[in-house]
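Following: one structure in C-alpha cells, then a few remarks.
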Amino acid sequence: MASLSMTDDSRFGLRRQVRLAGPLPLDSGAALGPVDIAYETYGTLNPDRSNAILICHALTGDQYVASDHPVTGKPGWWWRLVGEGKPVDPARHFIICANVVGSCMGSSGPASLDVATGLPFAMRFPVLTIADMVRAQAMLLDHLGVDRLYAVIGGSMGGMQALTWPTLFADRVERCIVIASTARHSAQNIAFHEVGRQAIMADPNWRGGDYYADGQVPSAGLAVARMAAHITYLSEAGLTEKFGRRLQGRDAKTFGFDADFQVESYLRHQGLSFVERFDANSYLYITRAMDYYDIAEDHGGSLAMAFTASKARFCLVSFDTDWLYPTAESRIIVHALNAGGAQASFVELSSPFGHDAFLLECPELNRVVDGFLKGGRA
C-alpha cells in the first residue's frame, strides 16, 4: 500500500504552529483557550496510521528535535537518536515533537498574548502540570489525525510526559520509553528549582513578570537559575575530568572574584547563552509543573494503579552517574509496572556524563531504543 500523501498538507513539516480552539481543562481548575502549539513532524504517516512516534522534550528543550534551532543555529537537540539511519527514523516512523504549553518557542505560555487584553499573559498565565502538557499534546495529535502512538519517548521532563501518557490515554499508546526520569519530583529536586526561581524573582528586571514591554528582561536571574540547574545535569567525575581545578586563561589566581577556574567560566557561559533563547517566566512555570509532578499522588497514592488500564510495553533507561534522577527512581517505576502487570524492560547504562548522558554520545542508548522499537524489548 502506498503511504498517505502529506506533501500538500500544511499540518505536516518543520516549524509548524496551530491554534486550537480548546478549551484545554487544567488540573488547577482553570481552562486555557485558544491553545497555540508549535511543533515539527518528520517522515510520513503510513496508511493505517500506525507508525507515529511522539518525542517529548525536557525542561529547556523545544520542538527542534532533529532540525537546526532557529535561534542558536545548532543541530536538533536529539540528533543522535532521531534522523535518517537512527533508532527513530523518518524513513520508518512519523515523528512528532511539540513545544510544551508553558514554554516560549511558539506554544501558549506566559509570553503569549492574552486575546482578551492584547497583552502578554506574564504571570497571569495559568499554572500548569505535566498532565496538562500531555493533554495539549493529545489535542495536537487529534488535529494531525493520529489516534494511536506506536511509541512515546522522552528523557528527563520528557520522560515524565512519556510516563504520563499511558496513565491518561491508555488506549492511545503501544510503547513507552522513559529515559533518565522519575515518577515524582523529590524534595531535593524541588529545592534546586526553588533556588532558580528565587534567583529570577530577585532580579530587579523581573518586576512581577511584567518585563515584556521594554525588553529589559531578568537575564541575570535567569542565568543564575540555569547555572544552578546545569550543575545537577553533570556528574562529579565528569566535572573533575573536564575541568578539575584548572585555571581559566591565566597562570595564577587573581585573588578576586572573576572566573579564576575553568568550571566557573563554563557555568557563566552556560547561563549567558541560555538567556538568549529562553523566557524567564516560562522557566518559572515549567519548573513549577515539574515540582507538582507525582503520578502516584494522582492515583490514590498507588503508582501501580496508574498503569492498570494500559496495555503498553515500557522501556526504562537510567544512567549510573545521574544523581538528579538516579537509577533507584527508575527501579521504583519498574516495580510499580510489574505490580500492575505491565510489560517492562529496564537497563542501567554506564556513562561519565551524569543526567545529560541521554543527550550526549551514548551508542548503548541507541541500541536499547532501536531494539525496543523493533522488537518490544530492550
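This is a predicted model, so every value here is computed, not measured.
For D294, the side-chain contact (heavy atoms from CB on, under 4.5 Å) criterion is met by R184, A296, E297, not counting sequence neighbours. By the salt bridge (charged side-chain N to carboxylate O under 4.0 Å, His left out) test, D279 is found to be paired with no residue, residues two or more places apart in sequence or in another chain being considered. Partners of R92 according to the salt bridge (charged side-chain N to carboxylate O under 4.0 Å, His left out) rule, which considers only residues two or more places apart in sequence or in another chain, are D89, D370. When the side-chain contact (heavy atoms from CB on, under 4.5 Å) test is applied to S112, the partners found at least two apart in sequence or on another chain are S108, F121. Checked against side-chain contact (heavy atoms from CB on, under 4.5 Å), I332 has the following partners two or more places apart in sequence or in another chain: L303, E329. D356 meets the salt bridge (charged side-chain N to carboxylate O under 4.0 Å, His left out) test with no other residue; sequence neighbours excluded. Remark: F274 pairs with T60, L222, R226, R277, F278, Y283 by the side-chain contact (heavy atoms from CB on, under 4.5 Å) rule, at least two apart or across chains.
L128 approaches V101 most closely through the heavy-atom pair CD1-O, 3.3 Å. Of all the heavy atoms in V173 and P166, the pair that sits closest is CG2-N, 4.3 Å. Residues L144 and F12 approach most closely at O-CZ, 3.8 Å, considering heavy atoms. Contact between R80 and P87 at its shortest, heavy atoms only, is O-CD, 4.5 Å. Of all heavy-atom pairs spanning S50 and N46, the tightest one is N-OD1, 2.8 Å. Minimum heavy-atom separation, A223 to L272: CB-N, 4.3 Å.
Between the side chains of T327 and S318, at least one donor N or O sits under 3.5 Å from an acceptor N or O. When only modelled atom types and interatomic distance are considered, D36 and S107 share no side-chain donor-acceptor pair under 3.5 Å. With hydrogens and angles left out, the side-chain atoms of Y212 and N281 include a donor and acceptor closer than 3.5 Å. Between the side chains of D291 and H185, at least one donor-acceptor pair of N or O atoms lies under 3.5 Å. With no hydrogens or angles considered, no side-chain donor-acceptor pair links Q248 and E264 at under 3.5 Å.
In the hydrophobic cluster analysis, where Ile, Leu, Val, Met, Phe, Trp and Tyr join through side-chain heavy atoms closer than 4.5 angstrom, M305 is grouped apart from F169. Transitive grouping of hydrophobic side chains (ILVMFWY, heavy atoms separated by less than 4.5 Å) keeps Y293 and F192 in distinct clusters. Note on L168 and I333: same hydrophobic cluster, where clusters join Ile, Leu, Val, Met, Phe, Trp and Tyr whose side-chain heavy atoms are under 4.5 Å apart, directly or indirectly. Criterion: ILVMFWY side-chain heavy atoms under 4.5 Å apart, direct or through other members. Under it, L359 and W79 are not part of a common hydrophobic cluster. By the rule that hydrophobic residues join a cluster once side-chain heavy atoms approach within less than 4.5 Å of another member, M105 and M290 end up as members of separate clusters.
Within 6.0 Å of atom CE in M201, more than 12 heavy atoms from other residues, nucleotides or ligands are found, so the atom counts as buried in its surroundings. Counted within 6.0 Å of CZ on R245, heavy atoms from surrounding residues, nucleotides or ligands total 12 or fewer; the atom is thus considered open.
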Throw together a table of side-chain donor-acceptor distances under 3.5 angstrom for residues 231-238, partners on residues two or more places apart or in other chains.
unit_1 : atom_1 : unit_2 : atom_2 : d
T232   : OG1    : A229   : O      : 2.5
S235   : OG     : G238   : N      : 2.9
S235   : OG     : P352   : O      : 2.7

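Under the ring-ring contact (aromatic ring centres under 6.0 Å, His included) criterion, the residue pairs touching residues 238-265 are F243-Y266, with sequence neighbours excluded. Among residue pairs with one or both ends in residues 253-263, those qualifying as salt bridge (Lys or Arg N to Asp or Glu O under 4.0 Å) are R250-D258, R250-D260, D258-R268; sequence neighbours excluded. Among residue pairs with one or both ends in residues 17-68, those qualifying as ring-ring contact (aromatic ring centres under 6.0 Å, His included) are Y64-H69; sequence neighbours excluded.
The line from CD1 of I179 to SG of C362 is 9.5 Å long, rounded to the nearest 0.5 Å. Taken from NE2 in H93 to OG1 in T41, the straight-line distance is 15.0 Å, to the nearest 0.5 Å. Note that CD of E40 and CG of L14 are 4.5 Å apart. Values are rounded to the nearest 0.5 Å. The line from OH of Y325 to OG1 of T182 is 7.0 Å long, rounded to the nearest 0.5 Å. The distance from the CG atom of D322 to the OG atom of S351 is 9.5 Å, given to the nearest 0.5 Å. Taken to the nearest 0.5 Å, the CH2 atom of W165 stands 11.0 Å off from the SG atom of C176.
You'll find the side chain of V178 stays beyond 4.5 Å of the side chain of C315, heavy atoms only. I286 is listed as a side-chain neighbour of S103, based on a closest heavy-atom distance under 4.5 Å. D114 is not listed as a side-chain neighbour of R124, based on a closest heavy-atom distance of 4.5 Å or more. Using a 4.5 Å cut-off on side-chain heavy atoms (C-beta onward), F307 and L163 make contact. The shortest distance between side-chain heavy atoms of L54 and Q161 does not fall below 4.5 Å. A 4.5 Å side-chain heavy-atom check between S156 and L59 finds every atom pair outside the cut-off. With contacts defined as side-chain heavy-atom distances shorter than 4.5 Å, the pair V275/V217 does not qualify. Under the 4.5 Å side-chain criterion, counting only non-hydrogen atoms from C-beta, I53 is not in contact with I96.
Between the side chain of R246 and the backbone N or O of K242, at least one donor-acceptor pair lies under 3.5 Å. Put simply, the side chain of D132 gets close to the backbone of D27: a donor and an acceptor are under 3.5 Å apart. When atom types are taken as modelled, the side chain of W77 and the backbone of A66 share no donor-acceptor pair closer than 3.5 angstrom. In this structure, the side chain of H143 does not engage the main chain of M139 through any donor-acceptor pair within 3.5 Å. Checking side-chain atoms of R367 against main-chain N and O of L365 turns up no donor-acceptor pair under 3.5 Å. T117 contributes a side-chain N or O that, together with a main-chain N or O of L119, makes up a donor-acceptor pair within less than 3.5 Å. At least one donor-acceptor pair closer than 3.5 Å links the side chain of Q17 to the backbone N or O of G106. Between the side chain of T164 and the backbone N or O of M160, at least one donor-acceptor pair lies under 3.5 Å.
By the 4.0 Å N-to-carboxylate-O rule, R313 lies too far from E174 to be salt-bridged with it. Using a 4.0 Å cut-off between charged nitrogen and carboxylate oxygen, D48 and R148 do not count as a salt-bridge pair. Remark: R16 does not engage D9 in a salt bridge, criterion side-chain N to carboxylate O under 4.0 Å.
Taking the centre of each ring, F319 and F358 stay at or above the 6.0 Å mark.
Residue L360 is found in a hydrophobic cluster whose other members, listed by chain and number, are F353; membership requires side-chain heavy atoms under 4.5 Å apart, directly or through intermediates.
Checking each of R11, R172, R135 against D142 for a salt bridge (Lys or Arg N to Asp or Glu O under 4.0 Å) leaves exactly one that passes, namely R172.
With Y150 as the aromatic partner, R175 meets the cation-pi criteria of under 6.0 angstrom to the ring centre and within 45 degrees of the ring axis.
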